[in-house]
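See below for the structure under consideration.
Chain letters run A, B, ... following the sequence lines, proteins first, then strands; residues in each count from 1.
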Protein chains: 4
Amino acid sequence: MLIKNEHSFSFGAKHVPKVSEAHLEARKEQIVRAAFLCFARKGFHPTTMQDICAEAHLSPGALYRYFAGKEEIIQSACDEAQAAQDAGLIAEALAEPDTRAMFHRLVHAFFSRFDDPAADVYNRASLQLWAEMAVNDRVRESFSHNHAVVHAGLGEVVREAQRRGDLDGSLDPGALVSAMIALYDGFRLQKALDPTIDTAAYARVAEALLGGTSWTGAR
Amino acid sequence: MLIKNEHSFSFGAKHVPKVSEAHLEARKEQIVRAAFLCFARKGFHPTTMQDICAEAHLSPGALYRYFAGKEEIIQSACDEAQAAQDAGLIAEALAEPDTRAMFHRLVHAFFSRFDDPAADVYNRASLQLWAEMAVNDRVRESFSHNHAVVHAGLGEVVREAQRRGDLDGSLDPGALVSAMIALYDGFRLQKALDPTIDTAAYARVAEALLGGTSWTGAR
Amino acid sequence: MLIKNEHSFSFGAKHVPKVSEAHLEARKEQIVRAAFLCFARKGFHPTTMQDICAEAHLSPGALYRYFAGKEEIIQSACDEAQAAQDAGLIAEALAEPDTRAMFHRLVHAFFSRFDDPAADVYNRASLQLWAEMAVNDRVRESFSHNHAVVHAGLGEVVREAQRRGDLDGSLDPGALVSAMIALYDGFRLQKALDPTIDTAAYARVAEALLGGTSWTGAR
Amino acid sequence: MLIKNEHSFSFGAKHVPKVSEAHLEARKEQIVRAAFLCFARKGFHPTTMQDICAEAHLSPGALYRYFAGKEEIIQSACDEAQAAQDAGLIAEALAEPDTRAMFHRLVHAFFSRFDDPAADVYNRASLQLWAEMAVNDRVRESFSHNHAVVHAGLGEVVREAQRRGDLDGSLDPGALVSAMIALYDGFRLQKALDPTIDTAAYARVAEALLGGTSWTGAR
DNA sequence: GATGAATGAGATTTCATTCAT
DNA sequence: GATGAATGAAATCTCATTCAT
């Protein structure tokens, strides 16, 4: 109450008090995390607000204080799912002077994520996200944006490799990037179908394909 | 006419007339096709029975003559989506004595599908299917079965290439197959996000990766 | 066809040809019998027209040639259920000069019906009928009419017994009749609840109550 | 308030606050009462949830907070209809040393119920219950249980009368009980058909039949 | 006359959202 | 701020009835 009065003079009311803001964010986080679990378990649409409430130990009324509706929770969950630090990892790899080492770092960085015990939830939720993206403009936009960022980052990597003469310069860099992303996303799909699939073996294959060591026949 | 008379005398006749059977299948087909469009457009769960009815130019009651409920339509749509003649294509490729030619045939066979104007609908529906698979046992089973068939087929291809010394024999064949499938499915995901993506360029990259021509650096 | 022409001159067209009429009645009978079974099994309202069709080995379209709708089948079933030859039995009993013999004949006539193996179906259907009567004016009317006939017949019986000095003349004859009917209907209810209940023992009690032999204490 | 605070600290609390529990019961009561009226008016199956909603001044959603479905409301209504304090009345009568006085008390206790202006609703609902019982296992069970209780109670009455020599010991006590119940239920049926029927006259007849005073002829 | 596929109104039920407490 | 009972629109599904064949 005091805090509120303190700030009631601030023009434009750009800030709600910090304590509240922190609380607000914490609550939102809590709700999105709960929603995430539910979505991974049942999918976006079959998940009811009650499911999320139960998972978050909150009442329906409380939820609506933090989110305008289910749609907004889905969007937040999608944004959350996109929030991986992909760009940073890519930038780090780019610093690597040896192309194969670069690919190794990339593959390791991305595929070591599957060691996280929460990865299965995340993978399953990703499938939901893809489906929603195909159907929901707002979600597609967010997905698209993140995709563009990753695409741009890997584009640098690929073009650098081509510049170095390690990757065939006549291949479309965009298509090479798409293939790299496909190797990652396509694996997540298979991992969602069967979580026991061998990640390390797959990572080795991915690295070999990119680094040109898988082909042992005539050049 | 004769059949009709025949039927009116025999109770408990084992066969309903063929016309009915044909009609039954035709109607089911019609409904599943309509559902497919709706699913691609709105997703499984946001699609209402009314949507499907409208698309199929049928009344709700008529739908329930052919399917016990929405769930069953979803399952049929999933089965339909799986019904691609993958196994045949793979077997044909396997007959090819040259490994790169084999990969070329495979890549061509699979990626030429995207030329079909209906491919977009099919891709978007696939995303729905993946999401449903994560959440619906019956659908996962069907998906899993089809995946196993394709996996087995490509397994032959990969082991043959290893036997010939064209692919590194120390790589896990299963993981190699997974990567091939990932290159395909991962592209479908990207195509669903942006249908204008260049399929031919991507196919060239896929072929180059498998055939070891993408890497132009030191061996 | 020929028959039809033969009659096409008859004024007023009161008769449809006898063969057709017989056929019509036979079909109606067949349908009502089927309906009766269904009603006894599931009740009036949960029984669907399809249930009746299946039981009657007829198509829905055929049913509607004989009955205007479900309502009409229910009414016919009710009329059928009422069509017992009660009045005749009562008239016969009335001829008996000895009152106790008269009661014996009545009780025997009515309770021996429960020996019929179809009696259970009939009893269960009666419960449905009673429920419908409470709710459906047309059915109540039909029920009411039959009830009045039986009531009148038993009224004669009771008044005759009072005239002879065998039943207390100060008791309301209508109430006595009601009690006789209650002893019958109330038993049917119990028989529907438990078909193994001992009919003969009950009949002896009913006779004893009416004939004044159940009371063995001081007068 | 205290309770509320208490509650907010303890997760997994075993009791929900009493207010809620009371409220729950009150609402259920309210709904069942409304349903009862509807059932008496239209029968179980023709009554729609909307009918019950309207009668209870509640929205459809609200109903489903208290009952899982229509079936459950029907069952509750049936249980409610059985909840008469029959056993108590019978026990009281049993205390009476004079058999005719005992019968008088019984008849009076049961038939005075028809003076209640709500009795008509109750009777009509009973017919629905009987019909449902014939068709619905769960309802039959509940009915059967209550019937057994009443049967046992009246069995004591009858055997006591036989012990005293007032009722013929050679008559089956169970059948005598059945007849007593039939005199009651059979009357309810007639009262549902015609609510103006003279209850007092009928009660006198019932008493006379049991007490052996209806027969005025030779013994 | 018979068939049975199709219709579509209407019933049950769910669930996102609101709002009095 | 929190609660959770209530709302009511909308979804799924049923079934009496019709009608082209």
Task: Audit row: Asp79(B), Arg138(B), side chain to side chain contact (heavy atoms under 4.5 Å, CB included) steps and yes/no - done: CA-CA 10 Å; Asp79(B) 291 345; Arg138(B) 170 66 183 67; 3.4 Å; yes
Task: Set of side-chain hydrogen bond (donor to acceptor under 3.5 Å, both in side chains) partners for Ser76(A), sequence neighbours left out - done: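 None.
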Task: Set of residues satisfying side-chain hydrogen bond (donor to acceptor under 3.5 Å, both in side chains) with respect to Arg41(B), sequence neighbours excluded - done: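 side-chain hydrogen bond (donor to acceptor under 3.5 Å, both in side chains) list for Arg41(B), sorted by chain: Glu55(B).
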Task: Glu132(C) vs Phe143(C), side chain to side chain contact (heavy atoms under 4.5 Å, CB included): CA-CA, chis, key distance, verdict - done: CA-CA 10 Å; Glu132(C) 189 64 13; Phe143(C) 188 91; over 6 Å; no
- [ ] Tell me yes or no: between the side chains of Gln30(A) and Arg33(A), is some donor less than 3.5 Å from an acceptor?
- [x] no
Do you know which two heavy atoms are closest between [X] and [Y], and how far apart they sit?
| X | Y | answer |
| --- | --- | --- |
| Val135(A) | Arg140(A) | N-NH1, 4.2 Å |
| Ala131(A) | Ala131(B) | CB-CB, 3.5 Å |
| Asp51(A) | Pro46(A) | OD2-O, 3.9 Å |

Open item on the list: From CD1 of Ile73(A) over to P of dA16(E), roughly how many Å is that when rounded to an integer?
Closed with: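 Rounded to whole Å, this separation is 10 Å.
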Cut-off 3.5 Å, no hydrogens considered: what does the side-chain donor-acceptor table look like for residues 66-73 of chain C, sequence neighbours left out?
{"residue": "Lys70(C)", "atom": "NZ", "partner": "Phe44(C)", "partner atom": "O", "Å": "3.4"}
{"residue": "Lys70(C)", "atom": "NZ", "partner": "His45(C)", "partner atom": "O", "Å": "3.2"}
{"residue": "Lys70(C)", "atom": "NZ", "partner": "Thr47(C)", "partner atom": "O", "Å": "2.7"}
{"residue": "Glu71(C)", "atom": "OE2", "partner": "Gln75(C)", "partner atom": "NE2", "Å": "3.4"}
{"residue": "Glu71(C)", "atom": "OE2", "partner": "Asn136(C)", "partner atom": "ND2", "Å": "2.9"}
{"residue": "Glu72(C)", "atom": "OE2", "partner": "Ala68(C)", "partner atom": "N", "Å": "3.3"}

Open item on the list: Within the 4.0 Å limit for protein heavy atoms, which parts of nucleotides 6-13 of chain E are touched? Write it as a string from 5' to 3', B for base, S for sugar-phosphate only, - for none.
Closed with: SBB--SSB
Task: Identified stems (criterion: three or more consecutive Watson-Crick or G-U pairs, under 3.5 Å), DNA chain F - done: E:2-21 with F:2-21
TODO: Walk me through it: do Phe39(C) and Leu129(C) pass the test side chain to side chain contact (heavy atoms under 4.5 Å, CB included)?
DONE: CA-CA 9 Å; Phe39(C) 292 155; Leu129(C) 165 59; over 6 Å; no
TODO: Within residues 29-37 of chain D, find the residues that approach DNA chain F with a heavy atom at under 4.0 Å, and present them sorted by residue number.
DONE: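 Those residues whose heavy atoms fall under 4.0 Å from DNA chain F, taken from residues 29-37 of chain D, amount to none.
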